Amino acid sequence: QVQVMESGGGSVQAGGSLRLSCAVSGFTVNAYCMGWFRQAPGKEREGVASIRAPDGRITYVADSVKGRFTIYQDMAKNTLYLQMNSLKPEDTAMYFCARSIMRWACPDPSEEAQYNSWGQGTQVTVSS
């Protein structure tokens with residue numbers, strides 16, 4: 001059974017850091033394109049970053065997080081991560097990880113239908 005489960009969210013002051021984890025089961029984390037998304041209150045869900053299989057090449061990073069967030073995989077732990085540094089209040093959102101139906105490429109982040117396995121999300125709150 002395919003499962004993805006996020007953890008690592010919390011409350012942090014602006015300028016701080018958090019590392020989100022996405023533990024997967026039922027498949028290997030580097031066998032499919034994986035992505036991080038977020039949804040702020042009152043806003044649509046948006047793509048944050050994605051990483052393709054199996055070479056782990058990063059295929060997308062949102063302009064709003066470039067230079068601050070890094071997506072990466074740990075195959076030994078079968079886990080996807082999102083390292084978030086220099087956090088800003090506008091990063092406050094529910095963060096989701098998702099597995100794509102694609103492998104060697106990643107869908108455009110707006111094509112959420114191309115991601116077929118989603119976690120429940122983990123809340124990140126950044127205070128000023």
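Note that the structure is predicted; figures quoted are calculated from it, not measured. For the numbers below, each heavy atom of this structure counts, side chains included, while hydrogens, waters and symmetry mates do not.
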Of all heavy-atom pairs between Y115 and G35, which one has the smallest distance, and what is that distance? CE2-N, 3.9 Å
Atom CE of M75 and atom OG1 of T28: how far apart are they, to the nearest 0.5 Å? 9.0 Å
Under 4.5 Å between any side-chain heavy atoms of M84 and Y95, yes or no? yes
What residue among V65, L82, L20 forms side-chain contact (heavy atoms from CB on, under 4.5 Å) with I71? L82
Examine F69 together with W36 and report whether their ring centres are nearer than 6.0 Å. no
Interatomic spacing from OG in S128 to NZ in K88 - rounded to 0.5 Å: 13.5 Å
Centroid-to-centroid, Y72 to Y81, below 6.0 Å? yes
Dump the intermediate steps for side chain to side chain donor-acceptor pair (under 3.5 Å) on T79 and D74, then the final yes or no. CA-CA 5 Å; T79 298; D74 185 332; over 6 Å; no
Would you say M5 has more than 12 foreign heavy atoms packed within less than 6.0 Å of its CE? no
Do the side chain of S100 and the main chain of Q114 share a donor and acceptor less than 3.5 angstrom apart? yes
Between E6 and G121, is there a donor-acceptor pair closer than 3.5 Å when you use the side chain of the first and the backbone of the second? yes
Is F37 close to E112 at the side-chain level, that is, under 4.5 Å between some pair of heavy atoms? yes
To the closest 0.5 Å, what do you measure between CZ (R38) and CD (E90)? 8.0 Å
Do R99 and W118 form a cation-pi contact, if we require the NZ or CZ to be under 6.0 Å from the six-membered ring centre and within 45 degrees of the ring's axis? no
Spatial distance of atom CE (M102) from atom OG1 (T59) [nearest 0.5 Å]: 9.0 Å
So CG of L80 and OG of S21: to nearest 0.5 Å the spacing works out to 9.0 Å
Hey, is the main chain of V29 close enough, under 3.5 Å, to the side chain of N78 for a donor-acceptor pair? yes
For S64, does its backbone N or O pair with a side-chain atom of D91 as donor and acceptor, under 3.5 Å? no
Is there a donor-acceptor pair under 3.5 Å between the side chain of T125 and the backbone N or O of T92? no
Hey, mind stepping through Q13 and L87 against side-chain contact (heavy atoms from CB on, under 4.5 Å) and telling me if it holds? CA-CA 8 Å; Q13 289 191 329; L87 282 161; over 6 Å; no
Once rounded to the nearest 0.5 Å, what's the spacing between atom OG1 of T122 and atom CD of Q120? 11.5 Å
